[in-house]
J.: 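Take a look at the following structure, please.
Just so it is clear, the values below take in all heavy atoms, side chains as well, and ignore hydrogens, waters and symmetry mates.
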Amino acid sequence: MTGLPLSHLTVLDLTAHRAGPTAVRQLADWGASVIKIEPPGQPDQLRDWGKARYRDRSLWWPVQSRNKMCVTLDLRRERGQELLLELAKRSDVVVENFRPAVKERLRFDYGSLSEINPRIILASISAFGQDGPYKDRPGLDQIVQGMSSFMSVTGEPGRGPIRAGIAIADVAAGLFCALGILTALYERERSGRGQWVQTSLMEALL
C-alpha cells in the first residue's frame, strides 16, 4: 500500500489466535508492510475457525489476516531463528503473543532484537503479563473474563455471571497493543531507539 500513514514501516507478525492478530491488523490496515510468520505444518488456527458454521470457510482468517503476507518459518530450528533475526534487522516492529519464556528460548526477546536493531519495537501480548506468578500460564478470553471479575457485571437479574458474547479481552488487548506500538513509534522519532511494549488480556479487562 502507498499513501497511508504507516506505509514506510515493516512489521513482523508472530501472533496467532485473536488478540495478537487484532493488534497487527490495525497496522496493516494503516499501510504497514506486514510479514506474518507461520510454523510449518501448524498454520494459524484462525484458518479453521468457523468452518463448520460457514460452509467450510473461515470468516476469521480473511478478517484478521487481510493486508498481510504469510511466510512459513520453523523457529524451533537454528536456521529459522537466524532468518527471523535477519528479517528483524530490517523491520520496525515485531509483535508476538507467546508465553514469556518462549521468546528467550527462540532468541527473539527484546535484548536480542535490540542488539541487532536498536530501533526495533517489540510488542508482547500475554494472558497475565511478562512477570509475576502467573506469567507462564496460558490463558484464553473466557478464562480472563472470569478471573478479572468482568463477568460479575454481565448477566441477567437473579442468575449467575455470563461471559460477554464477543472476545472482549482479546479485542481490548489487541487494540491497547496497537495504541502502545503507535506511541512507541512516535517516541522513536525523538530518541531514535525502540522499546518493549507490553500488555495482557488481564490488564486489558482490569
Side-chain angles (χ1 to χ4, degrees), residues 1-39 42-51 53-54 57-73 75 84 87-88 90-99 102-103 108 110 113 120-127 130 138-142 144-145 164-188 194-205:
M1 293 184 177
T2 59
L4 292 173
L6 301 185
S7 59
H8 61 296
L9 299 177
T10 299
V11 178
L12 295 184
D13 181 2
L14 302 177
T15 69
H17 308 299
R18 209 158 3 196
T22 296
V24 181
R25 188 187 71 206
Q26 314 307 311
L27 309 179
D29 285 352
W30 295 326
S33 297
V34 175
I35 303 172
K36 179 174 176 57
I37 307 296
E38 292 186 90
Q42 294 178 306
D44 192 330
Q45 293 179 353
L46 285 176
R47 290 181 180 271
D48 294 322
W49 282 8
K51 281 188 173 182
R53 182 182 300 176
Y54 300 111
R57 295 176 58 193
S58 169
L59 296 187
W60 279 103
W61 176 253
V63 168
Q64 295 286 55
S65 299
R66 63 178 181 242
N67 298 324
K68 301 178 184 180
M69 177 178 66
C70 296
V71 173
T72 299
L73 203 59
L75 298 180
L84 178 65
L87 289 170
R90 301 188 293 272
S91 297
D92 298 280
V93 181
V94 175
V95 188
E96 59 86 21
N97 61 348
F98 292 99
R99 283 176 286 173
V102 175
K103 287 188 290 297
F108 66 90
Y110 180 66
L113 293 176
I120 199 81
I121 293 165
L122 173 63
S124 298
I125 302 177
S126 60
Q130 298 297 313
L140 301 174
D141 182 274
Q142 184 170 341
V144 175
Q145 284 194 37
I166 65 169
I168 187 67
D170 284 329
V171 172
L175 293 176
F176 285 140
C177 182
L179 181 59
I181 291 169
L182 294 177
T183 304
L185 287 167
Y186 182 76
E187 195 278 335
R188 191 180 72 174
Q195 58 183 294
W196 187 9
V197 175
Q198 306 172 25
T199 191
S200 68
L201 305 190
M202 180 65 81
E203 290 172 282
L205 288 194

J.: Can you check whether Leu9 reaches Leu27 side chain to side chain, under 4.5 Å on heavy atoms?
T.: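 Leu9 vs Leu27: side chains apart.
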J.: Could you tell me whether the side chain of Leu75 reaches within less than 4.5 Å of the side chain of Pro39, counting heavy atoms only?
T.: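 No. Closest side-chain heavy atoms not under 4.5 Å.
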J.: Taking the side chain as every heavy atom from C-beta outward, state whether Val34 and Asn67 have any atom pair closer than 4.5 Å.
T.: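 Heavy-atom side-chain distance check fails, nothing below 4.5 Å.
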J.: Please give me the minimum heavy-atom distance between Leu4 and Asp29, naming the atom from each residue.
T.: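 It is CD1-O, 3.8 Å.
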J.: Does Gln142 CD have over 12 foreign heavy atoms under 6.0 Å away?
T.: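 Result for CD/Gln142: open.
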J.: Measure across Leu201 and Gly139 and return the closest heavy-atom pair with its distance rounded to 0.1 Å.
T.: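 Result for this residue pair: CD1-O, 3.9 Å.
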J.: Can you tell me how far apart CG (Asn97) and CG (Asp13) are? Round to the nearest 0.5 Å.
T.: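 Nearest 0.5 Å value for the CG-CG distance: 8.5 Å.
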J.: Are Glu96 and Val102 side-chain neighbours, meaning at least one heavy-atom pair lies under 4.5 Å?
T.: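 They are not in side-chain contact.
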J.: To the nearest 0.5 Å, how far apart are CZ in Arg188 and OG1 in Thr183?
T.: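 Result: 13.0 Å between the selected atoms.
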J.: Is Val94 close to Leu87 at the side-chain level, that is, under 4.5 Å between some pair of heavy atoms?
T.: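 Counting from C-beta outward, Leu87 and Val94 never come under 4.5 Å.
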J.: Testing Ile35, Val93, Leu6 one by one against Val11 for a side chain to side chain contact (heavy atoms under 4.5 Å, CB included), which residue passes?
T.: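 It is Val93; the other options fail the test.
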J.: So which atom in Trp196 and which in Ser124 form the shortest heavy-atom distance, rounded to 0.1 Å?
T.: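 Between these two residues, the closest heavy atoms are NE1-OG, 2.8 Å.
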J.: As an exercise, state the distance from NZ of Lys68 to NZ of Lys36, rounded to the nearest 0.5 Å.
T.: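 Going from NZ on Lys68 over to NZ on Lys36, the span is 5.5 Å.
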J.: Drop me the distance from Glu187's CD to Leu182's CG, to the nearest 0.5 angstrom.
T.: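 Going from the CD atom of Glu187 to the CG atom of Leu182 covers 13.5 Å.
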J.: Set out, in order, the CA-CA distance, both residues' side-chain angles and the distance that settles side-chain contact (heavy atoms from CB on, under 4.5 Å) for Lys103 and Leu122, then state yes or no.
T.: CA-CA 11 Å; Lys103 287 188 290 297; Leu122 173 63; 4.2 Å; yes
J.: Is the closest side-chain heavy-atom distance between Leu113 and Phe108 below 4.5 Å?
T.: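 Heavy-atom side-chain distance check passes, below 4.5 Å.
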J.: Any side-chain heavy-atom pair from Val197 and Ile121 closer than 4.5 angstrom?
T.: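 They are in side-chain contact.
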J.: Tell me the closest heavy-atom pair linking Ile125 and Gly174, and the distance in Å.
T.: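 Distance-wise, the nearest heavy atoms are CD1-CA, 4.3 Å.
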J.: Check side-chain hydrogen bond (donor to acceptor under 3.5 Å, both in side chains) between Asp141 and all other residues, then give those that pass, not counting sequence neighbours.
T.: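 Result, side-chain hydrogen bond (donor to acceptor under 3.5 Å, both in side chains) vs Asp141: Gln145.
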J.: Name all residues meeting the ring-ring contact (aromatic ring centres under 6.0 Å, His included) criterion together with Phe176; count only those two or more places apart in sequence or in a different chain, and write none if there are none.
T.: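 For Phe176 there are no ring-ring contact (aromatic ring centres under 6.0 Å, His included) partners, ignoring immediate neighbours.
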J.: Between Ile168 and Leu205, is the side-chain contact (heavy atoms from CB on, under 4.5 Å) condition met? List the steps.
T.: CA-CA 8 Å; Ile168 187 67; Leu205 288 194; 4.1 Å; yes
J.: So, taking the atom named CZ in Arg90 and the one named CD1 in Ile120, what distance separates them when rounded to the nearest 0.5 Å?
T.: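 Separation between the atoms: 11.5 Å.
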J.: Kindly give the heavy-atom pair with the smallest separation between Leu84 and Leu73, and that separation in Å.
T.: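 Taking every non-hydrogen atom into account, N-CD2, 4.0 Å.
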J.: When rounded to the nearest 0.5 angstrom, what distance separates SG in Cys177 from CD in Glu203?
T.: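 Cys177 SG to Glu203 CD: 11.0 Å, rounded to 0.5 Å.
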J.: Give the minimum heavy-atom separation between Asp92 and His8, together with the two atoms involved.
T.: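 So the two residues come closest at OD2-O, 4.0 Å.
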